[in-house]
Amino acid sequence: MLTDGRLDRSSPERGVSSEVLTQIPSPSQMRWRRLVFASLVCGTVAAAIFLMVATLSIGGFDTLDLILAVCFAITLPWTVIGFWNAVFGLTMLSRHRDAARAVCPLEADPPTALRQTTALLSCLRNEDAQRVMKQLDVMIQGLVEAGQAERFAVFVLSDSSWSECIEAEERMVQQLRDRWAGRMRIHYRRRPDNPGYKAGNIQDFMSRWGDRFDYAVVLDADSLMSTDHILRMVGMMQRNPRLGILQSLIVGLPTTSAFARIFQFGMRLGMRSYSIGSAWWQGDSGPYWGHNAILRIAPFRAHCQLAPLSGRAPLGGWILSHDQVEAVLMRRAGYEVRVLPAESGSWEENPPTLIEFIRRDLRWCQGNMQYLRLLGLPGVHRIGRVQLMLAILMFIGSPAWVAFMTLAALQIGRGVESGPLFDPTLGWLLFVFVMTMVFAPKLATLTAALRSRAARAQFGGGPRLVLGTLGEILFSTLLAPIMALAHTLFLGGLVAGRAIVWSPQRRDPHRLGFWQALHRLWPQTLFGLVALFWLLSTTSLAVLFVSPFVAGALLAVPIALLTAWPSLGLWLAQVGAWRIPEEYDPPPMIRQLELPAVRPSRETPARVSDEIALDTLGQD
C-alpha cells in the first residue's frame, strides 16, 4: 500500500508470503545491528587516533603533529569499515551454510513462472557493438531456452555520437532481430545528444516505455548476467513489492590483461566477506552501482528522476555518479534497496591497463564530489546520508594520505637532527594495527577459503591461492600510492574548475607506449624521485614506514608498462596465475563467449557450483 508516496509498512503487501516476511529482520533488529556496527567503527577509529597521538607525543605535540593526526583520522573510515565488514562477513560465512541467503533473506531459487514483465536495458555510448552483441546474444539465448522470453524485451539504448559506432549498433540490432525474430522483442533507440548521461538515458526509457514493464535490468556495455541469475532476481522482486532496487555482486570476466587479472583476483578475494558483512548491517538501505541490477519501474519513475545541480561544472550540472543518489531517493520513498551478495551469474570487464583504471576512477571521483551538494537532501534515511558521505571520503582520503606520508617523511628527517619525534614501539604497533585492517577483507576470505576443499579447488588449490594472494597484496600496496596521487591531483584540478571529459573506455588488452605512460604518470614519478632522494639523505630506520609509498610512486611507469604488456597477460593466463573460478570451471554462458583466457585445461575440476563452493566455507 502507498501512503503519501511511501510504502505503508504497517500491513503486509499482497503477494508477499508470510514466510518471506518472517525472514526479514525487523526494524528494531536492524537498528540494533547498525548500532553495534557504528559503535565498533567509532570505537576503533577513536582507538587508532589515540594511538597515533600517543605515538607523536614523545617529544611534545606541536602543530605539525596535530596536522598529521587530522590527516590520519580522515583516512580511517573506509579502512575501519572494511575491517568490521570482513569480521562480520567471516562470522556469517562460518556460521551459515548459505551466508548470502542469511543476510539477504529474499534470496530464492528461480521462479517456475513469471507473472510480470522485465526490460533488459543495454546502455551504450560509442562502444564496440560486436562485443555488446555477443554478450546480449547469449543472454537472449538463455532466456529463450528457459521458456521465459515472452516476459522479457531487450532495449539497446544508445547515446553514441560517433558515426562508425552508430552504424555498427544499427547492424548489431538488425542481426539480433533477424536471429531472434518471433522469440524476443528487441528495440533500438538513439538519442541525438545525451543530457543526464546514463541516468538521463535510463530516464528517457522510463518516460517512453516504462508503463509497459514492471522491472528493468540495467546493463552496461560490458555486462553479462546468467539466465538463472536474472530469473532469480525477478523472482525476488515478485516476492516482495517493497523491494525497489536489487543489486547483484559483479565479478570480473576472465581476461588476458595482466593488470585486470591481478586486480580482479584481489577484488574476488576481498569481495565475499566484505559484501556479506556490509549487507548484514545495511540491510534494506544498501548501495546501487548502476548496472547488473534490477529496478522496480513505477517507483523509480516517480521518485528517482535527477535534475541538474545548480552552478557550473565540475560540481554543478548533471550528476555523474547517479547510482547511489537514485538508491538514496528510492529508500527515501519507502522502498528497499538490497544487495544480493552471491558471486555467481553477474559479470563485467575490468579496465585492462593502469591508465584506463585511473581514468575510470577519476570519473567516479568527480561524480562523488557532487554529493557535497546533496548531503542536505530532506527526508533521506540516515544510512543513505552516511553512504553519500562515505562516497565523498573515499576520494578525500587520498590527499589526506598523501599529506600524511609527506609530513611523516619530513618528521623522519627532522628526527635525525633533533632526536626522536615519535615513539618507535607505538609507531610499529600502529602500523601493524592499520595494515591488519587494510588487508582484513582479503585475509578473511582467504582464511575461509583455505578451510573449504571446494573453494580451494576453484582457485587452483591452496598453494596457488596463497601465492596469488601474496602477489596481489604486493601489487595493491604499490598501486595504492599511484592512485592516491592521481586522486589528489585531480581533486586539486576540481577546486580550480577543471572537469574530466567523459569518454568511452578501452576494454581490450593493449600495449602502452613509454611516452604515453610517462605523460599520464609523470607526477607520480617526480614525487617518487624527490621522496627517494629525501629518504636517502636520512639514516633513520623509520624510512621503512614510508618506503612502500615511495616505491609505488617511483615505479608507476614500469608497473603501467609491464601490466599492459599483452604477451605477459596471455602467458599469465596460460600458466594459471591469478585465475578466478570462472577460468577453472567456466559456466556455459562464459564458454559461449570464447574468451581467450578460457581454455580447456586438465586442471579444471569437476563442476562445483559457485554458490555451494563459497557458501560452504569452513563446512568441511
Side-chain angles (χ1 to χ4, degrees), residues 1-3 5-27 29-30 33 100-111 113-121 151-152 202 206 210 213-218 225 228-250 275-276 278-304 323-342 345-346 381 383-384 387:
M1 297 174 63
L2 291 173
T3 304
R6 298 169 184 264
L7 276 170
D8 180 5
R9 291 179 175 268
S10 62
S11 61
E13 294 291 327
R14 190 188 329 188
V16 184
S17 69
S18 58
E19 178 185 358
V20 169
L21 288 175
T22 56
Q23 289 176 340
I24 300 174
S26 67
Q29 288 175 311
M30 290 309 304
R33 289 184 184 184
R101 191 184 297 264
V103 296
C104 188
L106 300 177
E107 162 72 303
D109 296 327
L114 300 183
R115 303 186 304 272
Q116 296 171 306
T117 55
T118 303
L120 304 182
L121 310 183
R151 292 291 182 178
F152 290 85
I202 293 172
M206 297 287 182
F213 297 90
D214 299 288
Y215 315 124
V217 173
V218 182
M225 297 181 72
D228 283 349
H229 203 70
I230 292 172
L231 296 180
R232 177 185 304 152
M233 294 179 76
V234 172
M236 293 170 70
M237 297 293 279
Q238 284 188 170
R239 288 179 177 89
N240 184 9
R242 296 175 175 175
L243 188 56
I245 299 176
L246 179 61
Q247 174 68 62
S248 68
L249 288 190
I250 314 166
S275 60
I276 288 176
S278 177
W280 179 83
W281 65 271
Q282 289 185 348
D284 57 7
S285 298
Y288 167 46
W289 302 317
H291 60 103
N292 292 46
I294 186 168
L295 316 174
R296 189 175 300 276
I297 289 179
F300 195 90
R301 290 177 69 189
H303 303 290
C304 298
D323 36 25
Q324 189 54 48
V325 182
E326 291 162 340
V328 166
L329 295 177
M330 181 69 81
R331 189 69 189 89
R332 184 177 71 170
Y335 289 83
E336 298 177 2
V337 179
R338 291 187 179 271
V339 171
L340 174 58
S346 178
H381 194 279
I383 298 298
Q387 288 166 334

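As the structure is a computational prediction, the values presented were derived from the model and not from experiment. Worth knowing before you read on, the calculation uses all heavy atoms, side chains too, and leaves out hydrogens, waters and symmetry mates.
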Met237 to Leu243 - nearest heavy-atom pair and separation
CE-O, 3.3 Å
Classify the angle between the aromatic ring planes of His303 and Tyr335 as parallel (below 30°), tilted (30 to 60°) or perpendicular (above 60°).
tilted
Which atom names give the shortest non-hydrogen contact between Gly286 and Gln324, and what distance separates them?
O-NE2, 4.4 Å
Could you tell me whether the side chain of Gln387 and the main chain of Ser285 form a donor-acceptor pair under 3.5 Å?
yes
Measuring from Arg331:CZ to Gln282:CD, what's the distance to the nearest 0.5 Å?
11.5 Å
Can you give me the closest heavy-atom contact between Cys104 and Met236, atom names plus distance?
SG-CE, 3.8 Å
Which heavy atom of Gln116 sits nearest a heavy atom of Asp214, and at what distance?
CB-OD2, 3.0 Å
Rounded to the nearest 0.5 Å, how far does CZ of Phe213 lie from OG1 of Thr117?
6.0 Å
Can you list the residues that meet the side-chain contact (heavy atoms from CB on, under 4.5 Å) rule with Val103, with sequence neighbours excluded?
Met92, Ile276, Ala279, Trp280, Pro341
So, do Pro287 and Val339 sit near enough that their side-chain heavy atoms are less than 4.5 Å apart?
yes
Just wondering, do Leu340 and Arg232 contact through their side chains at under 4.5 Å, heavy atoms?
yes
Sequence neighbours left out, what passes side-chain contact (heavy atoms from CB on, under 4.5 Å) with Met30? Give chain and number order.
Pro25, Arg33, Arg34
Side-chain (Arg239) to main-chain (Gly235) donor-acceptor, under 3.5 angstrom
yes
Atom pair NE2 (His381) and CG (Asp284), whose distance is rounded to the nearest 0.5 Å
6.0 Å
Quick one: which of Ile294, Asn292, Ile230, Val217 gives a side chain to side chain contact (heavy atoms under 4.5 Å, CB included) with Ser248?
Asn292
Side chain proximity check, Tyr288 to Val218, heavy atoms < 4.5 angstrom:
yes
Which value, rounded to the nearest 0.5 Å, describes the distance between Glu326 atom CD and Ile245 atom CD1?
6.5 Å
Quick one: are Met206 and Leu295 in side-chain contact, heavy atoms under 4.5 Å?
yes
Over all heavy atoms of both residues, which pair between Pro299 and Met330 is shortest? Give the atoms and the distance, please.
CB-SD, 3.8 Å
Between atom CZ of Arg151 and atom CZ of Arg115, what is the distance when rounded to the nearest 0.5 Å?
9.5 Å
Could you report the tightest heavy-atom contact between Gln247 and Ala293, atom names first, then the distance?
OE1-CB, 3.4 Å
Between the CZ atom in Arg296 and the SG atom in Cys304, the distance rounded to the nearest 0.5 Å is 12.5 Å
